[in-house]
Q: 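I am attaching a structure below and will ask some questions about it afterwards.
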Amino acid sequence: AQSVSQHNHHVILSEAASLELGCNYSYGGTVNLFWYVQYPGQHLQLLLKYFSGDPLVKGIKGFEAEFIKSKFSFNLRKPSVQWSDTAEYFCAVIQKTNAGKSTFGDGTTLTVKP
Amino acid sequence: DTGVSQNPRHKITKRGQNVTFRCDPISEHNRLYWYRQTLGQGPEFLTYFQNEAQLEKSRLLSDRFSAERPKGSFSTLEIQRTEQGDSAMYLCASNPYGTGEGNEQYFGPGTRLTVT
């Protein structure tokens with residue numbers, strides 16, 4: 001069965017620090033990859049996505065992620081975090097052969113101290 | 001507001017009662033998805049529809065759960081004989097699958113169910 005692993009459950013950073021959140025998935029076929037973010041009191045929203053092409057994808061608010069197929073990874077990065085980035089971040093995978101079902105990781109809570 | 005809407009936002013019920021949740025997707029989105037999320041976990045897939053057809057159900061969806069999308073627009077999720085383990089956030093999402101806009105899903109605010 002497909003699974004998604006997010007290694008960091010809770011990350012605490014100071015403003016201007018660099019961020020990297022890990023995401024690994026288990027599925028050998030072709031996948032679409034996503035990072036969603038949930039700000040306090042708000043619903044899940046898309047941060048960025050990878051479908052094909054350049055494995056380095058850029059999303060909103062200065063976030064980017066790199067798909068490394070050989071490592072089954074899709075890590076999220078931001079060079080300099082802001083207090084407003086405090087949120088929960090979820091990595092998700094969809095198999096291209098079954099595009100109806102998303103598998104989510106358990107999320108990483110990011111707290112940015114001002 | 002043209003986003004996904006869910007009602008009610010909160011529901012408290014006693015064990016053994018039936019509950020029904022409603023999801024209104026973004027207009028003209030042909031796919032609609034239901035997820036369940038418990039504290040400390042990511043959303044878990046329950047089921048999804050393409051138009052009015054229910055295409056897949058997770059094994060998490062016991063026979064006490066039923067979902068419908070009768071006219072291919074809004075959907076309902078019913079839980080019969082609720083149990084305390086059903087307490088969770090129930091999320092709905094939709095997308096315009098097959099239109100070339102990709103597979104990202106647009107989520108609603110969720111319905112938080114508490115079974116006492």
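Letters go in sequence order (proteins before strands), and every chain restarts at 1.
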Q: Kindly check if the number of other-residue, nucleotide or ligand heavy atoms within 6.0 Å of CD (B:E68) is above 12?
A: no
Q: Within this structure, what is the OG1-NZ distance for the pair B:T47 and A:K101, rounded to the nearest 0.5 Å?
A: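 Between B:T47 OG1 and A:K101 NZ, I get 11.0 Å after rounding to 0.5 Å.
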Q: So which heavy atom on A:S102 is nearest to which on B:Q105, and how close?
A: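 Shortest heavy-atom contact: OG-NE2, 3.1 Å.
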Q: Can you tell which part of A:L44 gets under 4.5 Å to a heavy atom of chain B, answering side chain, backbone, both or neither?
A: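 For A:L44, backbone and side chain are both near chain B.
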Q: What do you reckon, are the aromatic ring centroids of A:F104 and B:Y35 less than 6.0 Å apart?
A: yes
Q: Quick one: pull up CG in A:D106 and OG1 in B:T38 and give me the separation to the nearest 0.5 Å.
A: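 It is 8.0 Å, given to the nearest 0.5 Å.
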Q: Linking I/L/V/M/F/W/Y whenever any side-chain heavy atoms sit under 4.5 Å apart, do B:L77 and B:V19 land together?
A: yes
Q: Do other residues, nucleotides or ligands put more than 12 heavy atoms under 6.0 Å from B:R15 CZ?
A: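 No, because the 6.0 Å sphere around CZ of B:R15 holds 12 heavy atoms or fewer from other groups.
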Q: Check whether more than 12 heavy atoms from other residues, nucleotides or ligands sit under 6.0 Å from atom CD1 of A:I60, and answer yes or no.
A: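 Atom CD1 in A:I60 is packed in, count exceeds 12.
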Q: Might you point out which heavy atoms bring B:F107 and A:H43 nearest each other, and give the distance in Å?
A: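 Looking at all heavy atoms of both residues, the closest pair is O-CD2, 3.2 Å.
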Q: In terms of hydrophobic clusters joined by side-chain contacts under 4.5 Å, are B:L91 and B:Y33 together?
A: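 Yes; B:Y33 is reachable from B:L91 via cluster members.
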Q: Mind checking the CD1-CD spacing from A:I94 to B:E104? Nearest 0.5 Å is all I need.
A: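 Nearest 0.5 Å value for the CD1-CD distance: 9.0 Å.
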Q: Does atom CG of A:L56 have more than 12 heavy-atom neighbours from other groups under 6.0 Å away?
A: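 Yes, enclosed.
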Q: So which atom in A:F90 and which in B:Q41 form the shortest heavy-atom distance, rounded to 0.1 Å?
A: CE2-O, 4.0 Å
